[in-house]
Amino acid sequence: MIEFKDWAPKSVLALRDYSRQQFAADLLAGVTVGLVALPLAMAFAIASGVPPQLGLYCAVIAGFLISALGGSKTQIGGPTGAFVVVVFGIVSRYGIEGLYLCTLMAGIILVVLGAAGLGMAVKYIPRPVVVGFTNGIAIIIASTQIED
């Protein structure tokens, strides 16, 4: 039988033993992450070809959802450089409406994969593939900044 703790977000389960000291530490961590993530989100939005306020909206809404629905008490989420190339390609070809549709479709796919328990499949992706992908994205992002 499926119990509440099997499907409940870790943030909900962590509230049972939450203290003032933990709140103070979480508040300081949130401010620190926000000081880095919000300007970064604006920069990524501009690099992706969308207005900077869309980067802020995305960082705030996604950050809240990651924290509220995440699978870890210590999970941190924020903007990532790997998506600049993907988002720019979508926006330049299909416009902002296409980006909205791709985001909706990606969210639905993630919910289905999560409900099916397929998140564990990521452990089968070899480390060189992850390192190569990350290095490739870094080179692409760096090369697009040479002109600026």
Side-chain angles (χ1 to χ4, degrees), residues 1-19 21-50 54-94 96-145:
M1 177 168 195
I2 297 176
E3 295 183 31
F4 176 71
K5 68 178 182 174
D6 294 334
W7 281 89
K10 295 296 182 199
S11 59
V12 172
L13 299 175
L15 288 176
R16 294 178 183 162
D17 302 320
Y18 206 63
S19 67
Q21 291 82 11
Q22 288 173 315
F23 175 75
D26 286 346
L27 183 64
L28 179 62
V31 169
T32 303
V33 169
L35 289 174
V36 173
L38 294 180
L40 190 60
M42 290 172 50
F44 285 163
I46 293 167
S48 298
V50 298
L54 293 183
L56 285 175
Y57 299 152
C58 182
V60 171
I61 293 168
F64 175 78
L65 290 174
I66 289 167
S67 298
L69 303 175
S72 170
K73 294 189 302 188
T74 57
Q75 189 163 341
I76 296 174
T80 177
F83 286 107
V84 169
V85 178
V86 175
V87 171
F88 181 77
I90 293 169
V91 171
S92 64
R93 185 161 182 179
Y94 301 106
I96 195 72
E97 293 81 15
L99 179 62
Y100 293 150
L101 182 60
C102 286
T103 303
L104 178 66
M105 290 169 48
I108 291 169
I109 291 169
L110 284 173
V111 168
V112 169
L113 292 174
L118 293 175
M120 297 299 293
V122 77
K123 68 182 175 185
Y124 297 110
I125 298 175
R127 188 175 188 279
V129 171
V130 175
V131 171
F133 173 79
T134 306
N135 287 334
I137 292 296
I139 290 169
I140 290 171
I141 292 171
S143 68
T144 61
Q145 299 305 308

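Since the model is a prediction, treat every value here as computed from it, not as a measurement.
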Indicate the atoms forming the closest heavy-atom contact of Ala41 with Gly55, along with that distance. CB-O, 3.3 Å
For the residue pair Val91 and Ser48, what are the closest heavy atoms and their distance? CB-O, 4.0 Å
Steps toward side-chain contact (heavy atoms from CB on, under 4.5 Å) verdict (Leu54, Leu99): CA-CA 11 Å; Leu54 293 183; Leu99 179 62; over 6 Å; no
Indicate the atoms forming the closest heavy-atom contact of Gln22 with Asp17, along with that distance. OE1-O, 3.0 Å
Distance in Å, Ile90 CD1 paired with Leu101 CG, rounded so as to fall on 0.5 Å steps: 9.5 Å
CD1 (Ile46) and CZ (Phe44) are apart, to the nearest 0.5 Å, by 11.5 Å
When every non-hydrogen atom of Phe23 is compared with those of Tyr18, the smallest separation belongs to CA-OH, 3.4 Å
Take Leu38 and Val60 through the test side-chain contact (heavy atoms from CB on, under 4.5 Å) and record every step on the way to the result. CA-CA 8 Å; Leu38 294 180; Val60 171; 4.2 Å; yes
For Tyr94, is the OH atom crowded, meaning more than 12 foreign heavy atoms sit under 6.0 Å from it? no
If you round to the nearest 0.5 Å, how far is CG of Leu27 from OG1 of Thr32? 9.0 Å
Gap between atom CG of Leu104 and atom CD1 of Ile109 - 0.5 Å precision: 10.0 Å
